[in-house]
K.L.:
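Before anything else, here's the structure in question.
Here, residue 1 is the first one in the sequence, and each next residue gets the next number. In each ligand, atom 1 is the first atom listed, and ligand 1 is the first ligand listed. Computed over heavy atoms, backbone and side chain alike; hydrogens, waters and symmetry mates excluded.
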Amino acid sequence: MTVPPPPGPLTPYGLTCELLDEPLGLDEPVPRLSWKLRSSRRGDAQSAYRLTVAPSGTDLRDGRLLWDTGRVSGADTLLIPYDGPPLQSSTRYHWRVTVWDVRGEQTAHADSWFETGLLHRDEWKASWIARDRDAAPPQDPPAVEDRTERTRHLASCPHLRRAFTVDKPLVRARAYVSARGLYELRINGRRVGDAELAPGWTEYRHRVLYQTYDVGDLLRKGGNAIGAVLADGWWSGFVGFDSRRQALHYGDAPQLIVQLLLDFADGSRRWVLSDGDWRERSGPIRHADLLMGEYVDGRRELPGWDEPGYDDHDWTPVAIAGADTSVLRAAPDRPVRVLEELPARTVERRADGRFIVDLGQNMVGRVRLTVRGAPAGRRIRLRHAEILDDGELYVDNLRTAEATDVYVTAGRGVEVFEPRFTFHGFRYVEVTGHPGDLAPEDVTGRVLHSDTPWTGEFACSDETVMRLQSNIRWGQRGNFVSVPTDCPQRDERLGWLADAQVFLPTACRNADVAAFFARWMRDVVDAQHPDGAFPDVVPEVCMTREGAPAWGDGGVIIPWHLYREYGDRRVLERGFPAMKAWVDHVHRDNPDLLWRHRVGNHYGDWLQVGAETPRDLLATAYFARSAELVARAAEVLGAEEDAARYRALRTAVGDAFADAFVDADEGRVAGETQTGYLLALAFGLLPERAVPAAVDRLAADVEARGHHLTTGFVGVALLCPVLAAHGRADLAYALLHQDTYPSWAYSIRHGATTIWERWDGWTEEHGIKPPAMNSFNHYSLGSVGEWLYGGVAGIGQAPGSVAYRELRLAPTIGGRLTWACARQETARGTVECGWALEAGELRLRVVVPPGVDATLTVPTELPDGVSESGVPLPAVDGVDVLERSDRSLTVRLGSGHYDFRAPATGPSSSPSQVLAQDLPTP
Ligand code: RAM
């Protein structure tokens, strides 16, 4: 179940700067450096490090370093702020970390680099440019039959270009580029970079991100051309479910800004800027909209438009759309990219000539379609849907999102169509108008999402649980598209704060989302209302009221969780004033400490089934939780007064909660719902003496319902962890394995390949739920994913631990499982915990990275029979027995790879079965 320890001494790897691997174009004046560690020596740890930084062209070994920490004693590896002389703009810096191991020996070093972008706002000299709508020729819209009430207002995508000459040898070239809208940058006939939907969606009124590209290889001596295609995107396209004209959100047409930096061999420098010298015309994309889809007329291609020597005399000079560059910031996260491809699984021809394509997986992105030998002017239409109803696409749940792409053939033999400025959530595609036969290899699903590297793997012996994990990951893929969204398919796709906060712990297990969420948190802070209220959705569109309980609280919960998971103290520091202001906002209108006023749209335990958790109870529990987290954040940040103040508030809200909602003698929580009990237990809101009875009542409810849940978005994440933590892992497993309605496995049994928005999205009894709100790709109910890693496989951290500095490894043997294993690439290195029942033995394989302490609880009724790598405890070096009971043995471990065995009873899998299902190496 585990990879063998990599041979070798203590070695740094996975170097990052500002949470990114070799970032190009940072504008953080004090970037932070991190590395991970590995070692094959048990008990190894870093005793000291040295960081050196040198600008490009300087050798990291020579004496002229820009910054040299010298040998610094200690185990620090995370987010160490650069503390040398001020960094220069547009400069690459190489850095090296050298480490000393636990014995004080210098063992290894590793190198990386980061590059600055434009550090000072006045370095932006370019102007925002756009189509001059007064001067541009009248638009020739798509064919009448393809124009709908909504799309007929959309304009074609502008192509903007200019030529320039490079007359001396170049050593380096960078493009700094952004758009209000979406852009694709082109140089000399080639696309620049692989970012999709760039520059991404932010609170545009506060910040628009720019990307930096190394374009040296695209330029040549002599004539060059730079161009860009623009689309409406989130800036001026349809966004959310707001029926108002999209222009009201931000702007009414897309704009481009670009600065091309040319560094010549003779030491001189030149900028090519977006300015009034650029020219514009429309091309093949007649419209492109995130919700509606894209319409491309291949006959209108502009061959060579992005190459030098192209004759643009009949193009229209652009309009200067503005010079205010104060909103521009370097993108601090990785962009959206096409990260996977899905082949078509089946293509079915219908009698009327349409084709229905099944990609076998509900996905987010678009289709690449190859058309062969069509005459010019053939209209091929692609419609997208998540499910079929009676064999036909079911699109009612997309609401007003048309999700329709059209390609008009150019008659060029083999033509490849892939829309560029839209995305859809779909598994099925209907292709109309395709000439001849459509072969499966002519259709490919192109999966796009924010590039958040996968860092976790969970696997186990049960196929349905594996499918659940897969569905959770597909939900994560499809809904992390620039911002964490609720759903990817209908006219919504908004950054709902509750969805994000309940799913975040799961997301962090699966992938490195540190930079992605840290960036979005800036938008959350930007979006805060002057009175301290966070909104329900960020970027704030469509919904303008104060955030509801558990929704607005995302503004407090998310930075705290990012800190704990990744050690990112800065996200906490920057969020702290806003976190306080949120709690103060709730407090201000609820002086009696029961949160009943200023509750926004109060959604309660959204989409709960068969129970109704009292809203005041849910709200007040969250009030306590947010006060608690603000107090903890204050402690971390050394803000003692705040810590005391919010700690006192937390206590007082807890008391008010207990008075209003708890019968302590009976252990009863008002409403007697699963979510009510879960909130009270998880947030520590019950007097100690009431806990056992409350657990019994919660368990009794689950049992009385035949092992069914009633939880909605808010309660569901707590269900399995709380039951298991209070000795009822049996019930947690019963719910995990339950496959009758409502349950996770019910959807799987009925073909789900993603997590559904609602438990009753489809039922045998009622079929598809009415369309108003029925997404088949919503991740909130997938928040059980955290328990797969943390409970089933057993990777957790101690209460005060940050970034897995102190592991609590406690696998939960149970349910139908005969083995389970998780591996997580944490900020400090690889952690693994896996178990298997094999021939009367429980085997536990554990990996603890250097510098990390762990406790491991071995569940066994015979603690005296535990051995490690064949040696009976306690005679194992580096393994100390801490606690022994009749149900388990707890040991303390240092870093290393371990192989424990304990006598066990219960079902077994054969060892070969376990090895065959081994986890892939991250
Ligand atoms: C729905 C969204 C989201 C949820 C809100 C309350 O429209 O899809 O998931 O947070 O409502």
K.L.:
Would you mind listing which atoms of ligand 1 come within a distance below 4.0 Å of any non-hydrogen atom of Glu757?
P.N.:
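Answer, ordered by atom number: 8 (O).
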
K.L.:
Classify the side-chain pair Tyr746/Glu764 by whether it contains a donor and acceptor separated by less than 3.5 Å.
P.N.:
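Checked: Tyr746/Glu764 side chains pair up, N/O donor to acceptor below 3.5 Å.
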
K.L.:
Contact between Phe241 and ligand 1, counting heavy atoms under 4.0 Å?
P.N.:
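No, that is not the case, since the closest heavy atom of the residue is not under 4.0 Å from the ligand.
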
K.L.:
Identify which of Glu492, His602, Arg493 has a heavy atom lying nearest to atom 2 (C) of ligand 1.
P.N.:
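Result: the heavy atom closest to atom 2 (C) of ligand 1 is in Glu492.
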
K.L.:
Hey, does Arg490 sit under 4.0 Å from ligand 1 if you only count heavy atoms?
P.N.:
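Checking ligand 1 against Arg490, which is what was asked, there is a heavy-atom contact under 4.0 Å.
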
K.L.:
Out of Leu685, Val583, Leu629, Val630, which residue meets the side chain to side chain contact (heavy atoms under 4.5 Å, CB included) rule with Arg650?
P.N.:
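For Arg650, the side chain to side chain contact (heavy atoms under 4.5 Å, CB included) test succeeds with only one of Leu685, Val583, Leu629, Val630, which is Leu685.
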
K.L.:
Of the protein's non-hydrogen atoms, which lies at the shortest distance from atom 10 (O) of ligand 1, and what is that distance?
P.N.:
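In this structure, atom 10 (O) of ligand 1 has Asp499 OD1, 2.6 Å as its nearest protein heavy atom.
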
K.L.:
Regarding Arg493 and the six-membered ring of Phe423, is the cationic atom NZ or CZ under 6.0 Å from the ring centre and inside 45° of its axis?
P.N.:
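Cation-pi check for Arg493 and Phe423: passes.
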
K.L.:
Within the 4.5 Å heavy-atom criterion, are Pro484 and Trp520 side-chain neighbours or not?
P.N.:
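Counting from C-beta outward, Pro484 and Trp520 do come under 4.5 Å.
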
K.L.:
Tell me the protein heavy atom at minimum distance from atom 8 (O) of ligand 1, and give that distance in Å.
P.N.:
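Scanning the protein heavy atoms, the shortest distance from atom 8 (O) of ligand 1 goes to Asp486 OD2, 2.6 Å.
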
K.L.:
Show your working on side-chain hydrogen bond (donor to acceptor under 3.5 Å, both in side chains) between Tyr789 and Asn510 and close with a plain yes or no.
P.N.:
CA-CA 9 Å; Tyr789 286 88; Asn510 284 323; 2.7 Å; yes

